[in-house]
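Note sheet for the following structure.
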Amino acid sequence: MGSSGASNSAEVKKNNDIAWEWGKCRDPSSTLIVWCKFCEKKMCGGINRLKEHLTHRKGNVLSCNKVPNEVRKKCEELMLEKKWKKTQKQRIDFLFENDAALLSGEMGDDDEEEEDVISGPSGDGTSSGHQVKRSSSGQPMLEARLIPY
C-alpha cells in the first residue's frame with residue numbers, strides 16, 4: 001500500500017512541471033532519476049537537473065546536443081520564471097516579517113511596561129507626561145519610528 005502512495009505523489013510532482021514533456025521517469029516511485037527524451041541520457045537530480053541539461057547550463061550535468069532550439073528557449077524561460085517567482089516570494093516574506101516585527105514593537109510585548117517620566121528637582125528640562133518604554137528589567141528601550149516620504 002505504501003508504494004502506491006509514493007507512486008501517486010510522484011505522478012503529482014510530474015504533472016506540475018511542463019518540463020516533463022522532455023523527460024522520462026522510468027521509476028514512478030522516484031522522480032529524482034530522469035532520462036532525456038532527446039538523447040536518452042540518464043541523470044540524477046530530478047526535473048531541475050533535466051532543465052539544466054536541456055538549457056546547456058554548466059556544472060551539474062552535460063549539455064544535450066540533440067535538444068531543439070525552441071525547446072531550449074522554452075526551458076530557459078521556465079527556469080527564469082521560477083527564479084523570478086522565488087525572488088518575489090522571498091521579498092514578500094521579508095516584508096511580512098519586518099511588518100510583524102514592527103507591529104509587535106509598536107504594540108508592545110508582555111515584557112515591556114510604560115512609565116511616566118517626571119521632571120526631577122534638579123530642573124533637568126524633562127517635562128512630565130513623556131512616555132518611556134522599559135523592559136521587564138527596568139532598562140529603557142529604544143523605539144524606531146518610520147517617517148513617511
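Note: hydrogens, waters and symmetry copies are ignored here, and every other heavy atom, side chains too, is used. Positions are given from 1, in the same order as the sequence printed here.
The shortest distance between side-chain heavy atoms of Val61 and Lys41 falls below 4.5 Å. The closest side-chain heavy-atom distance from Val34 to Arg49 is not below 4.5 Å.
Of the inter-residue distances, the one linking Lys51 atom NZ with Cys75 atom SG reads 6.5 Å to the nearest 0.5 angstrom. In this structure, Lys42 NZ and Trp35 CH2 are separated by 5.0 Å, a value rounded to the nearest 0.5 Å. Atoms CZ and CZ, on Phe38 and Arg72 in that order, are 12.5 Å from each other to the nearest 0.5 Å. Going from atom CG of Leu50 over to atom OG1 of Thr31 covers 11.5 Å, rounded to the nearest 0.5 Å.
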key: Steps toward side-chain contact (heavy atoms from CB on, under 4.5 Å) verdict (Glu77, Glu81)   = CA-CA 6 Å; Glu77 289 172 7; Glu81 180 181 344; over 6 Å; no
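Hydrophobic clustering (ILVMFWY, side-chain heavy atoms < 4.5 Å, transitive): Val67 and Met79 are in distinct clusters. In the hydrophobic clustering of this structure, Ile18 groups with Met43; members are Ile, Leu, Val, Met, Phe, Trp, Tyr whose side-chain heavy atoms approach within less than 4.5 Å, directly or through other members.
Heavy-atom neighbours of Asp93 CG from other residues, nucleotides or ligands within 6.0 Å: above the threshold of 12.
When the side chain to side chain contact (heavy atoms under 4.5 Å, CB included) test is applied to Cys44, the partners found at least two apart in sequence or on another chain are Ile33. Residues that satisfy the side chain to side chain donor-acceptor pair (under 3.5 Å) test with Lys82, not counting sequence neighbours, are Asn48.
In terms of modelled atom types and a separation under 3.5 Å, the side chain of Lys37 and the main chain of Lys24 share no donor-acceptor contact.
Under a 4.5 Å side-chain heavy-atom criterion applied to ILVMFWY residues, the cluster that includes Phe96 comprises Ile92 as well.
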